[in-house]
Every structure is written in structure tokens, then in C-alpha cells.
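In what follows, a single structure is set out as C-alpha cells and then discussed.
Keep in mind that what you see is a predicted model, and the values were worked out from it rather than measured.
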Amino acid sequence: MTRVKRGYIARRRRNKIRLFGSSFRGAHSRLTRTIAQQKIRALVSSHRDRDRQKRVFRRLWITRINAAIRQKVVYYNYSRFIHDLYNRQLLLNRKILAQIAIFNPNCISIIYNEIIKKENCKKYLEMI
């Protein structure tokens, strides 16, 4: 019986897996089965950490906004500031507010004054 050479499909699949694992260390970059397991683990971790990264950045922005507000205005905190922003329909998201707090801290006090101005106008209209 003559010798039959196997096809290239399995080899192509393994090469594709090996290319993914080329950045791993030790057996994780050499053995096909181990590379496949590490690939699954890496993809699961990256998927999970994309969501985690969003949470971490939101916490960072909130901390920066709170610090900037407490520096500029006495007896005022983050939760009251965000509540007043929504009530006055001054729609700025936390990322933009955090950038303003870092690069131009005086703008935070301007935004606060805008909130207070609208609040005083409402009180005045209610009195009339």
C-alpha cells in the first residue's frame, strides 16, 4: 500500500493557534493543547477586564470631580453637585467634568455659579 500524506487543514489550524500563543512563555507558547487552553483563558480575561476598566475609570472620574468640588466650594459634595446638574439640565458627563477639573479648575466654580444662579432664579419665581 502506498503512503498517504495527510492534508494541510489540521496543520493550518495548529499554526493559527501557535501564532496566538507566540507571546506566551514556556510551554504555553510551544505545546498546542496548552496554547489552546491559554488562549481561552486570555480571551475570557480580556472580555472580563474590558467591563472592569469602565468601572475603574468611572470611579476615577468621580473621585477627581469630588476633589475639585471640595477644593472650590465649602460644604458641597459630588452627589449634590451631580443632582443639581441634572435638575438644572446642564448635561455634562463625568469624563468631561473630570477633565475640566484637572485642566481648568476655575471652570468648576463657574459651573457651580451657574447652578446657583438658576437655583436663585427659581426661588425668586416661586416667591412671585
Original post:
In Å, rounded to the nearest 0.5 Å, how long is the span from CD1 of Ile35 to CZ of Arg30?
Top reply: 9.5 Å
Subject >> Cluster check Ile102, Trp61: I/L/V/M/F/W/Y, side chain < 4.5 angstrom >> reply: no
Original post:
Should Tyr112 and Ile108 count as side-chain neighbours, where that means a heavy-atom distance under 4.5 Å?
Top reply: no
Subject >> Separation between CD1 of Ile65 and CD1 of Ile96, rounded to the nearest 0.5 Å >> reply: 10.0 Å
Original post:
Can you find a pair of side-chain heavy atoms, one from Ile111 and one from Phe81, that are under 4.5 Å apart?
Top reply: yes
**OP:** Working to the nearest 0.5 Å, report the span between CG of Asn93 and CD of Gln99.
**Re:** 8.5 Å
Original post:
Do Arg94 and Ile82 pass the side chain to side chain contact (heavy atoms under 4.5 Å, CB included) test, and can you show the C-alpha distance, the side-chain angles, and the key distance before you say yes or no?
Top reply: CA-CA 9 Å; Arg94 286 157 184 81; Ile82 293 294; 3.7 Å; yes
Original post:
Honestly curious: do Ile110 and Phe103 fall in one hydrophobic cluster under the side-chain, below-4.5 Å linking rule?
Top reply: no
Subject >> Residue pairs, two or more places apart or on separate chains, that pass salt bridge (Lys or Arg N to Asp or Glu O under 4.0 Å) and touch residues 43-67 >> reply: Asp49-Arg52
Original post:
Any link between Tyr86 and Leu97 through a network of hydrophobic side chains (Ile, Leu, Val, Met, Phe, Trp, Tyr) touching at under 4.5 Å?
Top reply: yes
Original post:
Do any N or O atoms from the side chain of Asn66 and from the backbone of Tyr78 form a donor-acceptor pair under 3.5 angstrom?
Top reply: yes
Subject >> Interatomic spacing from OG in Ser45 to CD in Gln38 - rounded to 0.5 Å >> reply: 9.0 Å
**OP:** Please answer: with hydrophobic residues joined when any side-chain heavy atoms are less than 4.5 Å apart, are Ile62 and Leu85 in the same cluster?
**Re:** yes
Subject >> Joint hydrophobic cluster, Ile69 plus Leu92, side-chain heavy atoms closer than 4.5 Å >> reply: yes
Original post:
What is the distance from atom CG of Asp84 to atom OG of Ser79, rounded to the nearest 0.5 Å?
Top reply: 9.5 Å
Give the table of side-chain donor-acceptor pairs shorter than 3.5 Å for residues 7-28, with sequence neighbours excluded, one pair per line with atom names and distance.
residue: Asn15; atom: ND2; partner: Arg11; partner atom: O; Å: 3.4
residue: Arg18; atom: NH2; partner: Thr32; partner atom: OG1; Å: 2.8
residue: Ser22; atom: OG; partner: Leu19; partner atom: O; Å: 3.0

